[in-house]
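Keep in mind that this is a model prediction, so the values were computed, not measured.
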Amino acid sequence: MRTEHDLLGQRDVPVDAYYGIHTVRARENFSITGIPIHKELVEALVVIKKAAALTNISIGALDAKKGEAITAACDEILTGALRSQFVVDCMQGGAGTSANMNVNEVIANRAIERLGGQKGDYHLIHPLDHVNLHQSTNDVFPTAVRIAAIRLLKPVTESFANLQSALQEKEEEFSRVIKAGRTQLQDAVPVTLGQEFGAWAQAISRDRWRLYKAEERLRQVNIGGTAVGTGLNAPRSYIFTMIEKLRDLTGISLARTDYMMDPTQNCDVFVEVSGLLKTAAVNLSKIANDLRLLSSGPYTGIGEITLPAAQAGSSIMPGKVNPVIPEAVNQVAFQIIANDTAITLAAMSGQLELNAFLPVIAKNLFEELNLLDHTLPIFIKRCIEGITANTQTCREHLENSTVMLTALTPILGYDKGTEAALILKETGQSIRDIILEKNWMTAAELEALLKPERLTSPNTDKKH
């Protein structure tokens, strides 16, 4: 063990640990979830430290030798080294101070080693005086959360694009499969199975576009604002150079916000992004519900589509196959909606110049993004792409119901349509047979009116 000191006294630190006393105390205080800060958040914090070191060297605020050791340590971490040293819990008090200090200490101790010193020799490289120079947790942590969120958002947006394409392919494949449309779970009017998939694709298209545009809000960062956004203790040259370095290192078009006190204390941007993820989750859950309903049965339900069989469905009922992929999608949607509630409560609970609850916002936002990143490819590959239409079942449901009557009402009139519906209910005859038996139309006239393209598109022509 080695002994380190801080404001509250001293603590023993494992001699081989790259973290220090602040991290030790954080582990003691916040043994809550057992989940460390997110990998992308660690990387974002390290990138900020590297940008700060480069900036401070360039403005003459940091000795080049020390700065180069810091940036070299950052580069090692960004290639995957020392990941086991980021040990603070994702759920922590202090507005992210524990996470910031964990990163400062690991970078400092690795930089010390690179200069030939021993871990804990902070006269060589100090976690605060050197690694955290011209920074505060209150501008570093919000900026890191934004960078990490942008990086996690990109693959999710791409997956929504892939889901949209998959649904549109099914829209085309099923464009001639005519079936009964339903409103309030009751027989309504004819539609094609392709039209149902097309409507889902439109909803996902909106989600894709909304999430793509959300990145613009996240690009506004408060780095250089230090404690409350006034920029206290940060030279103007540092503030303006820092954002340029961050752009170069991240490849993201970050922008220094015009009013740095705003993102230091206000977290509405995260509520907005989470709200869009919740909206997407609502659409995903609706689609999953519809798929489960349309595939229900297969012998006693609607059974108009068949989902790919993913696994045996029961330990007691032979032959049973459950819609497990849509069920998983539903559960992911439930979790995202729950996370969004936590983010909303945390964002509105900030006080005055700082929101102390950004760690729980980050934890829940990153979880939402990870859930979607993992779930969407599964939904596409293991469900959507393998869906088949039960064309005969669709046609039988259509023929053996009152669904076609609405399309014929402009010609027959409402009263004859009602009479036909009552006969169907009493006798079980098809609508076709009833109309022909009543001599209301000829077979040729009826066939022309019941063409799929006429039944499923606008048509005001009342001629036979």
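- Of the listed residues (Arg217, Arg210, Lys213), just one forms a salt bridge (charged side-chain N to carboxylate O under 4.0 Å, His left out) with Glu272, and that residue is Arg217.
- Salt bridge absent: Glu43 and Lys50 never bring a charged side-chain N and a carboxylate O closer than 4.0 Å.
- Proximity of a side-chain donor or acceptor of Asn289 to a complementary backbone N or O of Asn330 within less than 3.5 Å is not detected.
- Applying the 6.0 Å contact sphere to CZ of Arg256 captures more than 12 heavy atoms from other residues, nucleotides or ligands.
- Listed for the Thr97 side chain is a donor-acceptor partner under 3.5 Å among the backbone atoms of Gly94.
- A 4.5 Å side-chain heavy-atom check between Leu354 and Val228 finds every atom pair outside the cut-off.
- Contact annotation: the side chain of Asn132 approaches that of Gln135 to within less than 4.5 Å [non-hydrogen atoms, C-beta and beyond].
- Phe379 places none of its side-chain heavy atoms less than 4.5 Å from the side chain of Leu372.
- Taking CG of Leu41 as the start and CZ of Phe141 as the end, the distance is 5.0 Å to the nearest 0.5 Å.
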*asked:* Assess the residue pair Leu284 and Leu376 against the criterion (side-chain contact (heavy atoms from CB on, under 4.5 Å)); give the C-alpha distance rounded to whole Å, side-chain angles, the decisive distance to 0.1 Å, and a yes or no.
replied: CA-CA 9 Å; Leu284 288 171; Leu376 289 170; 3.8 Å; yes

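- Formation of a donor-acceptor pair under 3.5 Å by the Asn29 side chain with backbone atoms of Arg25 is found in this model.
- Ion pairing between Glu196 and Lys170 fails under the 4.0 Å rule for side-chain N and carboxylate O.
- Inter-residue side-chain proximity for Ile361 and Val145 is flagged as unmet; no heavy-atom pair is nearer than 4.5 Å.
- By the neighbour-count criterion of 12 heavy atoms within 6.0 Å, atom CZ of Phe30 is densely surrounded, having more than that number from other residues, nucleotides or ligands.
- Listed for the Asp207 side chain is no donor-acceptor partner under 3.5 Å among the backbone atoms of Asn283.
- Thr250 places a side-chain N or O within donor-acceptor distance of the main-chain N or O of Leu246, the cut-off being under 3.5 Å.
- In this structure the side chain of Phe270 reaches within 4.5 angstrom of the side chain of Leu358, judged on heavy atoms.
- Here the side chains of Asn339 and Ser274 are not in contact, with every heavy-atom distance at 4.5 Å or above.
- Side-chain N or O atoms of Glu105 include one that pairs as donor or acceptor with a backbone N or O of His22 at under 3.5 Å.
- Of the listed residues (Ile431, Leu424, Thr418), just one forms a side-chain contact (heavy atoms from CB on, under 4.5 Å) with Leu405, and that residue is Ile431.
- In summary, Glu76 and Arg110 engage in a salt bridge, as defined by a charged side-chain N under 4.0 Å from a carboxylate O.
- For the pair Lys154 and Glu158, the salt-bridge criterion is not met [side-chain N within less than 4.0 Å of a carboxylate O].
- Listed for the Glu215 side chain is no donor-acceptor partner under 3.5 Å among the backbone atoms of Leu153.
- Under the 3.5 Å distance criterion, with hydrogens and angles disregarded, a donor-acceptor pair is assigned to the side chains of His38 and Asn370.
- At least one donor-acceptor pair closer than 3.5 Å links the side chain of Arg146 to the backbone N or O of Gln220.
- Rounding to the nearest 0.5 Å gives a distance of 8.5 Å between OG of Ser98 and CG of Asn102.
- Not one N or O on the side chain of Gln186 forms a donor-acceptor pair closer than 3.5 Å with the backbone of Thr183.
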*Check the pair Lys245, Thr55 against side-chain contact (heavy atoms from CB on, under 4.5 Å), reporting the backbone distance first and the verdict last.*
CA-CA 7 Å; Lys245 296 292 185 185; Thr55 298; 3.2 Å; yes

*Check the pair Lys49, Asn100 against side-chain contact (heavy atoms from CB on, under 4.5 Å), reporting the backbone distance first and the verdict last.*
CA-CA 10 Å; Lys49 301 303 174 180; Asn100 187 38; 2.7 Å; yes

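- When each of Ile387, Ile305, Thr306 is tested with Ser295 by the rule side-chain contact (heavy atoms from CB on, under 4.5 Å), just one qualifies, namely Ile305.
- Counting only heavy atoms from C-beta outward, the side chains of Lys179 and Leu398 never approach each other to under 4.5 Å.
- Between the OG1 atom of Thr143 and the CG atom of Asp139 there is a distance of 6.0 Å, given to the nearest 0.5 Å.
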*Just do the side-chain contact (heavy atoms from CB on, under 4.5 Å) check on Glu353 and Thr264 with the steps written out, would you?*
CA-CA 7 Å; Glu353 276 67 62; Thr264 306; over 6 Å; no

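- Residues Glu244 and Arg247 are not paired through a salt bridge, judged by the lack of any N-O separation under 4.0 Å between the basic side chain and the carboxylate.
- By the neighbour-count criterion of 12 heavy atoms within 6.0 Å, atom CD of Glu447 is sparsely surrounded, having that number or fewer from other residues, nucleotides or ligands.
- Lys278 and Glu368 are not joined by a salt bridge, as no carboxylate oxygen comes within less than 4.0 angstrom of a charged side-chain nitrogen.
- In this structure, Asp89 contributes its side chain and Met91 its backbone to a donor-acceptor pair below 3.5 Å.
- Rounded to the nearest 0.5 angstrom, Met441 CE and Leu446 CG are separated by 6.0 Å.
- Around the CD atom of Glu172, the shell of radius 6.0 Å holds no more than 12 heavy atoms that belong to other residues, nucleotides or ligands.
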